[in-house]
Visitor: 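Dropping the structure in here first, questions after.
Quick note: numbers below take in every heavy atom, side chains included, and nothing from hydrogens, waters or symmetry partners. Residue numbers start from 1 in every chain, and the chains themselves are labelled A, B, ... in the order their sequence lines are given, proteins ahead of strands. Please read all numbers here as calculations on a predicted model, not as lab measurements.
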Protein chains: 2
Amino acid sequence: MASVGRMAGVSQVTVSRALSDPSKVSPETLRRIHEAIEATGFVPNALAGALASRRSRLITALVPSITNIVYSSLLHGFSDIMREHGYQIMLSETGFDPEREQEMIETHLARRPDGMLLTGIHHSAAARRMLIGSGTPVVEVWDITETPIDCCVGFSHAATGAEAAEFAIRAGYRRAATVTAGDQRAQRRRDAFVEGFRAATGEELPAIDFPPGTATLGQGRDSLRRLIEEKGFEAGVIFCSSDQYAHGILTEAMARNLRVPDQIAVIGFGDQSFAEHTFPSLTTVRIDRDALGKAAAKALLDRFENRPLKTSTINVGFEIIKRASA
Amino acid sequence: MASVGRMAGVSQVTVSRALSDPSKVSPETLRRIHEAIEATGFVPNALAGALASRRSRLITALVPSITNIVYSSLLHGFSDIMREHGYQIMLSETGFDPEREQEMIETHLARRPDGMLLTGIHHSAAARRMLIGSGTPVVEVWDITETPIDCCVGFSHAATGAEAAEFAIRAGYRRAATVTAGDQRAQRRRDAFVEGFRAATGEELPAIDFPPGTATLGQGRDSLRRLIEEKGFEAGVIFCSSDQYAHGILTEAMARNLRVPDQIAVIGFGDQSFAEHTFPSLTTVRIDRDALGKAAAKALLDRFENRPLKTSTINVGFEIIKRASA
DNA sequence: GTGAAAGCGCTAACAT
DNA sequence: ATGTTAGCGCTTTCAC
């Protein structure tokens, strides 16, 4: 920056000003500075800038998995807004592991982000302490609580399960099963579904549970196979913790020549882009993930400007999309 | 750090050493320092560290889209290795736009990353200049060239198309069509397929082309519809630029009661996790994306330690996986 | 509109 | 094994 200044016949500070607030520099000086930048290929050092100004223009985000479209599409909306406002995103995966999350929070905090996005509302006590101690604005997403660290943007997982159960009962189903990923939130959805369904029918629900990790279509196929062959499930509605599972069940039903939804009905979760186009099309729970990500970004931006948050908890809700599979 | 030192009765440098190279500090001092860190909740400032040491332990990555599993799974392998070696990843999307890529390269460079991952081998001249000027180690992935900026890890897209054509010819197909995303690499695969197929059969190939953006199952269904209704394509093999399209074609064929592969055969690209489990299962081109990401990480790490790269270009190859759809 | 000086919180180099 | 000194490349504050 000093050498750019020398080249343009001004001091280093003037170059700094030309870059951060051009209105404070005369047009003629500005022109010469830009010429010098062009000529030298100068790229400012954001590290030094952040150190001096105590603003890094960095937002860090922690998600369980980036290969899971549910989180990556949420991040897509989030980054869009953040980038528009001049922030960059640093992303890490926690792999659904609270301990790993805590480690990552610490290394992220070391970069002095201006804000942080966390997935879910459950974090280790030590993580909470570090976060609060650092004073970093935090937005927790994909779930809601009355007691966020800072603010949260999400929806009630229990409510989706309960409403799905209600939907299934109203649609006339009297037998049901669940297929669930090894993810705490997915399990809460299932529990609420099971409770609601059992309250109405008194029936026990066979359950297939998978270990943590991204849900696959193959697991979905497998779960229908096991439901039929091991659990004696012959007909009814299956509540899945993701559209992947649901699509797999549709596929397996097709391969077995079972009628959907008469014999086997399926409810997915996520309303992923394919859900509308499966055969038959998939009944599912829609979360507007892009809007959720954007709302999270806005909540954080509001915090930066000390705008009073009307509420620290934003419930973006969900919607059951009735299609052909249930 | 100074106050931690005061608390532990040592100077600030000793604290720094305790954190970066504990073997240089006596066990007793180390213990007191850790006590003080615990008590104060001190989190070191990586920004200041990076500025002073000229090593940021930051790797930045640029991919067209994070919601596209092809890139996110590659990054997954890449981050795994990088994290093991103490590097963090900063990720941004270019949206398949070279101009946006150039902007992002500049802002990323401002953070002084120790290395950078770029998708593809085509970058604007200005971007190349900045990259080379900065001296930042760069690994280009998902494609190969004899003249990388630094090093590249990928495979030949043209070769996949050519080999797929050969495969189709050998399998006895004499009519073919293509379904392609608005992505330069996808188009190269298609062009090689068309050329190979035409050379053997003399046939013209109807083509469906989509604009840039993530390929969806819905577009796949749509493309079979259009191939049949608009292009008069009645039978043959369809070469797709992604498994999503291929899955959509399978779905539409099922909905139309067309026999697969007798009437409509399909070749996908990517061997995504669902490809093995579609009905019928999907013949596709497999790239070991996780291994590719890992190889890219290793190439970069080699560069960091000035280990001689035997070759600056690593071809990870591909494999045609024959399943039931073609 | 521009400049000089101080300092952000660390690490590197050199002492002891 | 520990301390001292001098920056890293910017922004902030205050002066002119």
Visitor: Below 4.0 angstrom, which residues in residues 30-37 of chain B have at least one non-hydrogen atom near DNA chain C?
Guide: none
Visitor: For B/Thr40, which residues count as a side-chain contact (heavy atoms from CB on, under 4.5 Å) partner, sequence neighbours excluded?
Guide: B/Val4, B/Met7, B/Phe42
Visitor: Could you list all the ring-ring contact (aromatic ring centres under 6.0 Å, His included) pairs where at least one residue sits in residues 103-138 of chain A, not counting sequence neighbours?
Guide: none
Visitor: Answer yes when B/Asp302 and B/Lys298 have at least one side-chain N-carboxylate O distance shorter than 4.0 Å, and no when they do not.
Guide: no
Visitor: Can you list everything that forms a side-chain contact (heavy atoms from CB on, under 4.5 Å) with B/Gln102? Sequence neighbours excluded, please.
Guide: B/Ser124, B/Ala126, B/Ala127, B/Met130
Visitor: Please enumerate all protein N or O atoms sitting under 3.5 Å from an N or O of nucleotides 9-11 of chain C, with distances to 0.1 Å.
Guide:
residue: C/dG9; atom: OP1; partner: A/Arg54; partner atom: NH2; Å: 2.9
residue: C/dG9; atom: N2; partner: B/Ala48; partner atom: O; Å: 3.3
residue: C/dC10; atom: OP1; partner: B/Asn45; partner atom: N; Å: 3.4
residue: C/dT11; atom: OP2; partner: B/Ser16; partner atom: OG; Å: 2.1

Visitor: Ignoring backbone atoms, establish whether A/Ser26 has a side-chain N or O less than 4.0 Å from OP1 or OP2 of C/dG1.
Guide: no
Visitor: Rounded to 10°, tell me the angle between the two end axes of the helix from C/dG1-D/dC16 to C/dT16-D/dA1, each built from five pairs.
Guide: 30°
Visitor: Check for a donor-acceptor pair, side chain of A/Arg112 on one end and backbone N or O of A/Leu109 on the other, with a separation under 3.5 Å.
Guide: yes
Visitor: If the condition is side-chain contact (heavy atoms from CB on, under 4.5 Å), which residues does A/Glu103 pass it with, not counting sequence neighbours?
Guide: none
Visitor: Taking all non-hydrogen atoms of both residues into account, name the closest pair between A/Leu51 and B/Asn45 and its distance.
Guide: CD1-ND2, 4.0 Å
Visitor: Can you run down the ring-ring contact (aromatic ring centres under 6.0 Å, His included) pairs that involve residues 73-106 of chain B, sequence neighbours left out, and say none if there aren't any?
Guide: B/Tyr87-B/Phe304
Visitor: Residues in ring-ring contact (aromatic ring centres under 6.0 Å, His included) with A/Phe155, at least two apart?
Guide: A/Trp142, A/His157
Visitor: Say whether B/Thr313 and B/Thr311, considering side chains only, have a donor N or O and an acceptor N or O under 3.5 Å apart.
Guide: no
Visitor: Under the side-chain hydrogen bond (donor to acceptor under 3.5 Å, both in side chains) rule, collect the residues that match up with A/Ser73, sequence neighbours excluded.
Guide: A/Arg289
Visitor: Name all residues meeting the side-chain hydrogen bond (donor to acceptor under 3.5 Å, both in side chains) criterion together with B/Gln184; count only those two or more places apart in sequence or in a different chain, and write none if there are none.
Guide: B/Arg188
Visitor: Just the endpoints, please: which first and last nucleotides of DNA chain D, 5' to 3', lie under 4.0 Å from a heavy atom of chain B?
Guide: D/dA1 to D/dG9
